[in-house]
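To start, the structure itself, in structure tokens.
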Number of protein chains: 2
Amino acid sequence: MKENKFLAIYNEIVQAIEEGTYKRNTKLPSENELVASYGTSRETIRKALTLLAQNGYIQKVKGKGSFVLDMKRFDFPVSGLTSFKEVTEKMGKASTTIVYEVSTIYPDEYLQQHLQVTKKDSIWKVYRSRKIDGEKIIFDKDYFHQKYIPYLSKEICEHSIYDYIEQELNLKISFAKKEILVEEATKEDQIYLDLKEYPYVVVVKNFVYLDDASLFQYTESRHRLDKFRFVDFARRAR
Amino acid sequence: MKENKFLAIYNEIVQAIEEGTYKRNTKLPSENELVASYGTSRETIRKALTLLAQNGYIQKVKGKGSFVLDMKRFDFPVSGLTSFKEVTEKMGKASTTIVYEVSTIYPDEYLQQHLQVTKKDSIWKVYRSRKIDGEKIIFDKDYFHQKYIPYLSKEICEHSIYDYIEQELNLKISFAKKEILVEEATKEDQIYLDLKEYPYVVVVKNFVYLDDASLFQYTESRHRLDKFRFVDFARRAR
DNA sequence: GAGTGGTCTAGACCACATA
DNA sequence: ATGTGGTCTAGACCACTCG
């Protein structure tokens with residue numbers, strides 16, 4: 001049980017907010033009170049509170065206190081840096097993943113650029129659809145550098161690749177650059193999505209980096225546009 | 001000249017990175033070296049570096065050092081919490097704002113919900129189009145609580161409302177919740193956008209909050225879908 | 001004036017990386 | 001063994017809010 005103090009405090013307060021122990025639009029105990037009740041230094045309490053503020057749980061107001069915010073934080077299909085599995089679990093949605101292909105390829109020009117690799121590097125290619133409420137809504141094209149992921153199987157892709165990467169391979173996913181735009185639907189989209197009559201898809205391009213800042217994954221998530229929704233919480237840059 | 005130390009250090013390093021004084025994929029001086037050269041405590045240096053990491057400028061690696069990241073951070077039309085003016089200025093794009101309407105209204109049901117007001121609260125309604133390279137690409141519908149913004153004019157709306165709010169009125173914009181989805185184009189869209197044949201628009205709904213966590217603005221930015229692009233940098237939640 | 005959060009310090013110990 | 005970033009402490013002073 002060796003968790004950082006400030007993280008433990010953060011998690012405890014998150015839980016208290018989500019359970020309603022700390023109610024929306026009320027004040028959290030003051031920093032000094034938290035210092036007393038947790039028996040830590042003030043900076044440690046402040047670290048936990050800063051994290052809460054960054055993630056949209058509270059708003060700190062000088063001279064007044066920390067207020068619990070009324071953001072519904074768990075209603076977004078794509079945001080921050082969370083996997084499909086994590087998101088659907090939080091929403092409590094019934095969903096299925098269909099794996100069409102798990103293969104080794106050598107990258108074409110487009111992929112060489114997006115994954116920053118050469119044509120000699122072998123790459124995992126994974127094609128999956130996500131079914132929600134009986135409809136194939138999302139079509140994911142994943143590409144992984146085999147340097148980091150030596151083994152991959154259909155079974156792993158049906159569950160959560162992220163779980164496998166973080167827990168089995170013990171790689172640390174650190175940050176991502178996400179790009180959202182709209183493209184005309186391709187033949188592939190028509191095959192792997194229940195596209196209906198929609199002539200466009202929303203494309204989320206995701207560049208995922210490890211701990212040491214190496215790019216190890218490029219993903220294109222292609223969404224049926226009527227089902228696409230992205231929610232973001234952002235603080236104003238200082 | 002009373003700027004926080006850690007902010008001053010942050011800004012100095014940002015500038016050094018953007019100017020190329022600190023080159024991409026190289027190491028920043030270590031924390032101890034920065035402590036020495038800035039003559040501050042280590043925690044203050046760390047505060048500046050943490051901000052740099054959060055904003056995607058550097059990656060900190062335990063035992064190694066802080067590396068300058070190779071994200072092109074200034075190529076996004078909509079991200080974080082920045083105004084249209086700020087974004088186009090950073091991109092160096094020629095753009096024009098056309099103001100169609102600046103008026104006082106009382107909110108309908110939809111607005112009452114989105115701005116969290118009653119039908120007795122008077123609201124500023126602002127309709128604007130954004131022209132880039134000669135085409136009306138974005139149609140902005142802004143609604144402001146008059147409680148916070150007593151006066152508004154066409155001139156202000158043609159420049160930057162945010163500048164006015166922050167510098168003249170001295171209100172502090174703190175955070176926002178952003179929602180992105182796709183909707184069918186309305187008659188209004190056809191009037192205020194050079195829509196071409198596109199039957200859909202990308203809608204960015206923006207809920208903007210002040211310092212004290214009060215909701216003071218609701219904006220709907222309606223984008224022609226072929227010109228829409230959103231880039232986001234996100235770190236994995238701890 | 002008392003209470004709140006914001007900044008800053010000087011020092012300690014730890015975990016990790018590198019040679 | 002040394003250098004790096006990560007966590008934590010105890011205490012100080014400041015700016016802001018509110019009665």
Side-chain angles (χ1 to χ4, degrees), chain A residues 1-13 22 26-54 57-69 170-172 174-175 210-214 235-238, chain B residues 1-13 22 26-54 57-69 170-172 174-175 210-214 235-238:
Chain A
M1 288 304 98
K2 98 141 242 302
E3 199 181 24
N4 296 329
K5 274 194 194 176
F6 81 93
L7 250 187
I9 296 171
Y10 166 80
N11 287 324
E12 222 174 282
I13 298 179
Y22 292 135
T26 64
K27 265 198 289 198
L28 237 50
S30 78
E31 296 183 353
N32 284 326
E33 287 169 333
L34 291 171
V35 164
S37 68
Y38 281 100
T40 61
S41 73
R42 189 167 157 232
E43 286 292 352
T44 300
I45 294 293
R46 283 181 56 72
K47 228 165 158 182
L49 294 184
T50 301
L51 237 195
L52 286 163
Q54 276 165 6
Y57 286 105
I58 64 170
Q59 175 74 357
K60 304 167 86 177
V61 184
K62 193 190 290 195
K64 289 191 184 174
S66 298
F67 296 85
V68 179
L69 286 182
N170 210 20
L171 296 173
K172 276 171 201 153
S174 179
F175 61 92
L210 297 177
D211 223 10
D212 62 353
S214 56
R235 291 195 170 269
R236 183 129 172 98
R238 282 117 252 245
Chain B
M1 290 302 99
K2 103 139 241 304
E3 201 181 24
N4 296 329
K5 275 193 192 175
F6 81 92
L7 249 187
I9 296 170
Y10 167 80
N11 287 324
E12 223 174 281
I13 297 179
Y22 292 135
T26 64
K27 264 199 290 197
L28 238 48
S30 79
E31 295 183 353
N32 284 325
E33 287 168 334
L34 291 171
V35 163
S37 69
Y38 282 101
T40 61
S41 74
R42 188 167 158 232
E43 286 292 352
T44 300
I45 294 292
R46 284 181 55 72
K47 227 165 157 181
L49 294 184
T50 301
L51 237 195
L52 285 164
Q54 276 166 6
Y57 286 103
I58 64 169
Q59 176 74 355
K60 304 166 86 178
V61 184
K62 193 190 289 193
K64 289 193 185 173
S66 297
F67 296 85
V68 179
L69 285 183
N170 212 19
L171 295 174
K172 277 171 201 154
S174 178
F175 61 93
L210 297 177
D211 223 10
D212 62 353
S214 55
R235 289 194 172 273
R236 183 128 171 100
R238 276 120 254 251

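Note that these values count all heavy atoms, side chains included, but never hydrogens, waters or copies made by symmetry.
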Nucleotide [N], atom [atom2] - distance to [atom1] of [X] in whole Å:
| X | N | atom1 | atom2 | result |
| --- | --- | --- | --- | --- |
| B/Glu43 | C/dT7 | CD | P | 13 Å |
| B/Lys5 | D/dC13 | NZ | P | 15 Å |
| A/Lys47 | D/dT9 | NZ | P | 10 Å |
| A/Tyr38 | D/dC8 | OH | P | 14 Å |
| B/Ile9 | C/dC8 | CD1 | C1' | 11 Å |
| A/Asp211 | D/dG6 | CG | P | 10 Å |
| A/Arg42 | C/dG5 | CZ | C1' | 6 Å |
| A/Glu31 | C/dG3 | CD | C1' | 12 Å |

(request) Report the residues that fulfil side-chain hydrogen bond (donor to acceptor under 3.5 Å, both in side chains) with A/Thr44, sequence neighbours left out, ordered by chain and then residue number. (result) A/Ser41
(message) Applying side-chain hydrogen bond (donor to acceptor under 3.5 Å, both in side chains), can you list everything that pairs with A/Tyr22, at least two apart in sequence or on another chain?
(response)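 In terms of side-chain hydrogen bond (donor to acceptor under 3.5 Å, both in side chains), with neighbours along the sequence ignored, A/Tyr22 is linked to no residue.
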(request) For residues 29-42 of chain B, pull every pair meeting salt bridge (charged side-chain N to carboxylate O under 4.0 Å, His left out), keeping only residues two or more places apart or in separate chains. (result) B/Glu31-B/Arg42, B/Glu31-B/Arg46
(request) If a pair satisfies salt bridge (charged side-chain N to carboxylate O under 4.0 Å, His left out) and one of its residues is in residues 57-67 of chain A, list it, with sequence neighbours excluded. (result) none
(request) Tell me which of B/Leu28 and A/Gly39 sits closer to the 5' end of DNA chain D, going by the nucleotide each one is nearest to. (result) B/Leu28
Any [X] side-chain N or O less than 4.0 Å from OP1/OP2 of [N]:
| X | N | value |
| --- | --- | --- |
| B/Ser30 | D/dT4 | yes |
| A/Thr44 | D/dT9 | yes |
| B/Arg46 | D/dG6 | yes |
| B/Lys60 | D/dG6 | yes |

(message) Going by side-chain contact (heavy atoms from CB on, under 4.5 Å), name the residues that satisfy it together with A/Ser214, two or more places apart in sequence or in a different chain.
(response) A/Tyr148, A/Leu210, A/Asp212
(message) With a 4.5 Å cut-off on side-chain heavy atoms, are A/Thr40 and A/Ile45 touching?
(response) yes
(request) Assign each of A/Leu49 and B/Thr40 to its nearest nucleotide of DNA chain C by heavy atoms, then name whichever residue's nucleotide is nearer the 5' end. (result)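 By nearest-heavy-atom nucleotide position, the 5'-most residue is A/Leu49.
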Detail all sub-3.5 Å separations between protein N/O atoms and N/O atoms belonging to nucleotides 17-19 of chain D.
from	atom 1	to	atom 2	distance (Å)
D/dC18	OP1	A/Lys64	NZ	3.3

(message) Which residue in the set A/Asn4, A/Thr50, A/Leu52, A/Leu49 passes side-chain contact (heavy atoms from CB on, under 4.5 Å) when paired with A/Tyr10?
(response) A/Leu52
